[in-house]
Amino acid sequence: MTQPSGPLSGVRVLDLSRVLAGPWATQLLADLGAEVIKIERPGVGDDTRQWGPPFTTKADGTKGDAAYFMCANRGKKSVELDIASPEGAAVVRELAKGCDVVVENFKTGGLKKYGLDHASLAAVNPKLVYCSITGFGQDGPDAHRAGYDYMIQAMGGLMSITGQPDGAAGAEPMKVGVAVVDLFTGLYASNAIMAALLHARATGEGQAIDIGLFDVQAAMLANQATNFFVSGKAPTRMGNAHPNLAPYQPFPCSDGMVVIAVGNDGQFRALAGALGAGGLGADPRFLTNALRIEHRAVLTAELSALTAGQTMHGLMAALEAAGVPCGPVNTIDQVFDEPQAKHRGLEVEQTRSDLSAPVRTVASPIRMSRTPVTYDLPPPALGADTDEVLGGLKR
């Protein structure tokens with residue numbers, strides 16, 4: 001049996017969650033060394049095992065798990081268990097006695113009928129940290145509603161500031177290309193869990209954690225929310241332009257696009273010099289960031305004319321030499337071909353005996369000098385650890 005290592009070694013997590021937000025949180029805990037026991041429906045498993053194509057291929061040539069499942073379930077043990085049955089619920093309660101954390105993302109109140117809610121499990125393990133992830137939290141007029149990333153991106157305002165502005169080609173509210181609300185929710189949840197673990201170790205008291213996707217999306221609005229609070233005006237879609245900085249967007253080249261990210265007036269003057277247009281840096285319309293935003297349309301047109309005839313490589317070389325932040329608009333395959341990505345080891349490769357090829361996932365971005373992240377287990381086959389985990393229970 002593989003023993004987990006890392007800064008959370010010795011922490012045991014009972015993962016009753018599925019899809020993305022909960023599994024993302026528990027994968028982070030697993031990367032940091034926690035033992036994560038993932039409870040899955042017999043014969044079916046986590047919904048995302050079927051969210052494809054693409055699918056992995058089993059050693060016998062048949063269809064394996066979806067790539068989607070692989071992205072969020074590294075480092076876990078899979079146990080097939082019907083928690084809706086009295087017997088299955090009893091096993092979960094028994095497992096909870098020996099766990100430090102429970103993570104679940106059922107509808108508000110959905111586990112109470114099985115005796116698996118916070119109050120029930122805290123009664124058998126007072127030190128338990130119990131994290132509930134829902135669409136809208138445990139209270140309020142929408143607490144009963146299911147919540148999914150896409151609808152929360154819409155309801156939480158993110159789509160209203162993403163996409164081309166009204167009047168431009170293709171103008172409409174747009175979702176982000178990955179399920180960012182789920183991912184942020186997983187990160188907030190894992191942070192809260194680790195804070196609650198510190199409290200539990202200091203006091204012997206567990207607690208309930210209530211994380212709602214809608215709340216997370218509101219928090220994610222960051223400067224856009226405070227822009228509204230200060231100005232009284234709701235931000236709108238601006239395409240690739242930045243609401244508070246200019247120039248800060250992609251610019252055309254002869255062979256692609258390069259993002260130029262000017263964060264201060266000195267960088268703008270350096271940009272103008274690197275483009276052989278020093279006069280722009282002294283132009284009264286562009287002397288400050290506020291003025292550049294006021295005259296954004298003219299500035300963007302002038303800069304685009306200067307970059308359009310250059311290659312991406314040539315433009316970036318000139319900008320980097322001048323100290324102007326920039327980067328290529330990469331496709332995903334190009335991301336992992338970047339020398340920096342290879343140097344940092346951003347691709348993790350693990351083997352699973354039932355699959356015909358190694359499982360490839362994206363490495364954790366966490367770098368710790370004393371207790372580094374480790375990758376002890378690949379995303380598990382359905383039920384692969386049922387006998388091991390349940391065999392250790394006292395019946």
Side-chain angles (χ1 to χ4, degrees), residues 1-18 21-40 45-46 69-81 83 88 91-105 116 118 121-122 124-133 186-187 189-201 204 206-207 209 348 350-353 359 361 363-364 366 368 370-395:
M1 176 173 129
T2 302
Q3 294 295 331
S5 58
L8 293 184
S9 181
V11 172
R12 202 175 201 213
V13 179
L14 186 58
D15 185 3
L16 305 181
S17 69
R18 65 270 189 226
W24 197 254
T26 53
Q27 177 171 266
L28 175 56
L29 300 178
D31 282 349
L32 294 174
E35 179 187 9
V36 178
I37 300 169
K38 183 178 178 71
I39 304 299
E40 301 192 68
D46 189 311
F69 174 82
M70 298 300 186
C71 86
N73 289 286
R74 178 177 61 216
K76 305 177 187 181
K77 298 176 180 179
S78 173
V79 172
E80 289 185 278
L81 192 64
I83 67 171
V91 171
V92 172
R93 284 191 291 274
E94 191 65 29
L95 284 169
K97 291 179 182 178
C99 288
D100 302 284
V101 179
V102 168
V103 178
E104 60 92 4
N105 62 351
L116 301 178
H118 172 249
L121 295 189
V124 300
N125 183 356
K127 296 181 179 180
L128 191 65
V129 172
Y130 188 104
C131 180
S132 295
I133 297 173
L187 292 174
S190 60
N191 273 270
I193 288 166
M194 287 186 276
L197 281 171
L198 287 175
H199 174 81
R201 289 184 173 180
Q207 60 183 297
I209 299 171
V348 173
Q350 297 170 298
T351 58
R352 206 176 87 182
S353 61
V359 177
T361 55
S364 170
I366 296 172
M368 302 175 75
R370 294 286 186 182
T371 53
V373 168
T374 56
Y375 306 103
D376 296 309
L377 297 170
L382 178 60
D385 308 286
T386 302
D387 292 342
E388 174 198 323
V389 173
L390 300 189
L393 291 178
K394 295 180 180 178
R395 300 296 181 87

Should L29 and M194 count as side-chain neighbours, where that means a heavy-atom distance under 4.5 Å?
yes
Taking atom types as modelled, is there a side-chain donor on S78 or E40 under 3.5 Å from an acceptor on the other?
yes
Let me confirm one number: the SG-CG distance from C131 to L16, rounded to the nearest 0.5 Å.
11.0 Å
How close do K127 and G204 get, counting heavy atoms only, and between which atoms?
CG-O, 3.3 Å
Please check this pair: side chain of N125 against backbone of C99, looking for a donor-acceptor N/O pair closer than 3.5 Å.
yes
Please test I366 against D31 for side-chain contact (heavy atoms from CB on, under 4.5 Å), starting from the C-alpha separation and ending with a verdict.
CA-CA 9 Å; I366 296 172; D31 282 349; over 6 Å; no
Quick one: closest heavy-atom pair of T361 and R74, and the distance?
OG1-NH1, 2.8 Å
Ignoring hydrogens, what is the shortest heavy-atom contact between F69 and P379? Give both atom names and the distance.
CE2-CB, 4.1 Å
Would you say T374's side chain and G6's backbone share a donor-acceptor pair under 3.5 angstrom?
no
For the pair D15 (side chain) and V36 (backbone), establish whether a donor and an acceptor sit closer than 3.5 Å, ignoring hydrogens and angles.
no
Which is it for I39 and L95 under the side-chain contact (heavy atoms from CB on, under 4.5 Å) test, yes or no, and what are the steps along the way?
CA-CA 11 Å; I39 304 299; L95 284 169; 4.1 Å; yes
Do side-chain atoms of Q350 reach the backbone of V359 as a donor and acceptor pair under 3.5 angstrom?
no
Side chains of P7 and M368, heavy atoms from C-beta outward: is any pair under 4.5 Å?
yes
Flag side-chain contact, heavy atom, 4.5 Å: L116 against V102:
no
Whether D100 side chain and V129 backbone form a donor-acceptor pair below 3.5 Å
no
Could you measure the distance from the CG atom of L14 to the CD atom of E104? Nearest 0.5 Å is fine.
10.5 Å
I need the L121 CG to K97 NZ distance, nearest 0.5 Å.
11.0 Å
Between the side chains of T26 and K38, is a donor N or O closer than 3.5 angstrom to an acceptor N or O?
no
Taking the side chain as everything from C-beta on, heavy atoms only, tell me whether S364 gets closer than 4.5 Å to Y375.
yes
Could you check whether any side-chain heavy atom of V13 comes within less than 4.5 Å of a side-chain heavy atom of I193, counting everything from C-beta outward?
no
Are side-chain heavy atoms of I133 and S17 found at a separation under 4.5 Å?
no
Does any N or O in the side chain of R352 come within less than 3.5 Å of the main-chain N or O of L377, such that one atom is a donor and the other an acceptor?
no
So, do L197 and V11 sit near enough that their side-chain heavy atoms are less than 4.5 Å apart?
yes
Taking every non-hydrogen atom, the tightest pair across W24 and C71
CZ3-O, 3.3 Å
Any side-chain to backbone donor/acceptor pair from Q27 onto N73? Under 3.5 Å, distance only.
yes
